[in-house]
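Some notes on the structure that comes next.
Keep in mind the model is a prediction, meaning the values are calculated, not measured. Positions are given from 1 along the sequence.
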Amino acid sequence: MARKISVPHYQNLGGLNTRVSVASVTNEEAIIADNCYFPEPGAIDQFPGFADILATPSADEIRLIFQHVDRLTQAKTKLVVTGQRLEKQSGDLFTEQLWDSFVDSDKLCTAAQLFDDTIICTGEDAPLIFNNQGVDFIDTDFRPQICIRFNNYMIFLKDKTNPYRIAFSSLGDAKILNENLNFEEITDIGPLTGAFVLHNSLYVTSLTGLKKIDGSDLQATSPTYDFRSISVLIDEGSVNHHSIVVAHNRAYWLGMYGYYEYGGGLEAEPISWNIRPVFRDGVNRLHLDKAVAYHDQEKNLVVISVPSAFSTTNDEHYCFHYEKEIRGWTVLKGFEVSYWAQIEETGNFPITWHGRAGGQIGRHGNQPDYGSVAVAFCYQSGWMAGKEPQLRKIMKHIIPIIKGTGLDTFDVTLFTDFDIQENTGFPKTITIPALGPLWGTPDWGAFEWGGPLAELVEAIGVPASIARTWSVKFAHESLGKRFKVTGWNTIIIPKGLTK
């Protein structure tokens with residue numbers, strides 16, 4: 001006779017496995033996890049949509065998005081670099097032009113604030129300084145592309161004429177660069193590509209390695225330097241500065257063949273081994289110098305944007321969920337990104353912004369505001385089996401157990417026994433009633449579709465599929481509400497029985 005079995009939802013790992021043999025995917029790995037993220041173990045959430053904001057009348061690519069904070073008034077000013085222009089936010093748009101003569105119109109650039117001054121470096125121009133008095137070039141022949149604050153110093157590197165050179169400003173003074181810079185060269189790891197601060201130490205990277213400079217080497221009471229760098233034995237460094245993210249006392253960066261996590265010491269951990277085919281076959285490594293990343297503080301993940309195999313722009317965005325209970329991957333698709341920023345706003349969660357070509361900026365929504373441009377969601381579970389995985393079964397019905405606030409409709413497709421093609425008769429469209437409280441409220445999850453109320457909901461009929469294992473895919477095209485998949489109820493008949 002038919003038996004009803006409940007299969008728990010497996011841990012969310014993988015998520016980028018559409019490019020590898022499904023037979024190599026474990027039951028703990030999602031096969032597809034597009035435009036979603038994992039807010040907690042076992043939970044799946046659709047990634048918010050975004051609203052488009054015109055940044056500039058020009059059609060140039062957005063190179064940088066950043067915020068200057070006035071120390072006295074705490075007033076916050078958002079700015080963007082787009083092409084040759086520096087634009088200031090005015091109302092909801094970035095249309096107040098502050099500067100229009102940067103030399104290079106498409107290279108990545110950086111900005112960092114030290115006390116009352118924000119320095120902007122492009123690698124082609126002398127550094128630009130922004131403060132309450134306006135903007136102006138700094139009088140220097142130095143052409144760094146990277147600036148970063150370290151304690152009370154401004155650090156500059158990746159000079160246009162000397163990629164091995166690093167410079168430290170004097171104490172609290174980033175303005176008079178010609179006279180007050182202390183230059184050093186690091187030549188044993190190759191041309192410098194980026195820098196980050198971790199555990200009160202400064203690290204500089206190249207494509208092949210990493211160097212550490214202890215904070216104690218820069219004395220806070222003296223402008224003199226005891227510049228002792230320490231080699232860190234790592235095979236791969238970062239492809240560029242914008243691929244580096246520091247989150248919860250760990251650094252993350254993109255190398256030529258994978259993604260790395262580093263907490264200090266002599267080794268970094270490669271965290272993309274289970275999705276390595278993506279970086280081998282699915283990424284255009286000739287254009288990895290365009291990669292950009294950011295730390296999403298609300299969702300506890302880091303996002304790295306890269307060009308896909310046949311693209312020259314960052315059109316795929318890989319999300320690593322770093323919490324130890326999850327440590328899995330998802331991927332965002334459907335839009336291009338030239339720069340990411342997450343900026344704290346008064347009275348709000350940090351807001352995520354992305355820039356792209358055409359002078360466009362996307363402002364990503366936060367629940368319950370999901371923005372106006374949807375990103376299509378698709379999730380396919382890992383391969384599941386009952387208590388007797390070695391036996392083939394005739395599957396009759398399958399019901400995803402979903403908790404949430406209502407999702408309108410989405411399509412459900414069944415795959416069996418590692419079939420590449422879906423089963424006949426799929427996909428099927430199901431509708432989730434718009435019931436239940438908001439995510440995070442005390443009554444969250446009170447409504448379950450496919451759980452205790454399963455007998456009130458029509459199950460997804462399976463046309464007599466004979467299988468040992470099965471996988472379920474469901475997709476949603478429009479702006480969604482938050483939900484959680486907790487398992488699957490499957491009605492099966494052991495092979496040989498007919499009821």
Inset, instruction - Would you please say whether a donor-acceptor pair under 3.5 Å links the side chains of Asn162 and Glu185? - result: yes
Inset, instruction - Inspect the contact between Glu261 and Arg327 and indicate whether a charged nitrogen and a carboxylate oxygen are less than 4.0 angstrom apart. - result: yes
Inset, instruction - Using the test side chain to side chain donor-acceptor pair (under 3.5 Å), find all partners of Thr193 that sit at least two apart in sequence or belong to another chain. - result: Thr205, Ser238
Legend entry - Main-chain N/O of Gln297 paired with Gln342 side-chain donor or acceptor, under 3.5 Å: yes
Inset, instruction - Establish, from distance only, whether the side-chain atoms of Glu61 and Ser338 form a donor-acceptor pair under 3.5 Å. - result: no
Inset, instruction - May I ask you to decide if His199's main-chain N or O and Asn249's side chain share a donor-acceptor pair within less than 3.5 Å? - result: no
Legend entry - Short side-chain to backbone donor-acceptor contact, His354 and Gln360, under 3.5 Å: no
Inset, instruction - May I ask you to test the Thr122-Val103 pair for a side-chain heavy-atom distance under 4.5 Å? - result: no
Legend entry - Atom pair CG (Asp125) and CH2 (Trp99), whose distance is rounded to the nearest 0.5 Å: 9.0 Å
Inset, instruction - Assess the side chains of Tyr322 and His295: does a donor N or O sit below 3.5 Å from an acceptor N or O? - result: yes
Legend entry - Steps toward side-chain hydrogen bond (donor to acceptor under 3.5 Å, both in side chains) verdict (Tyr257, Glu236): CA-CA 8 Å; Tyr257 297 96; Glu236 273 196 87; over 6 Å; no
Legend entry - Distance-only donor-acceptor check, side chains Asp116 and Asn132, under 3.5 Å: no
Legend entry - Residue from Ile244, Val292, Ile304 passing side-chain contact (heavy atoms from CB on, under 4.5 Å) with Leu254: Ile304
Inset, instruction - Say whether Asp117 and Asn131, considering side chains only, have a donor N or O and an acceptor N or O under 3.5 Å apart. - result: yes
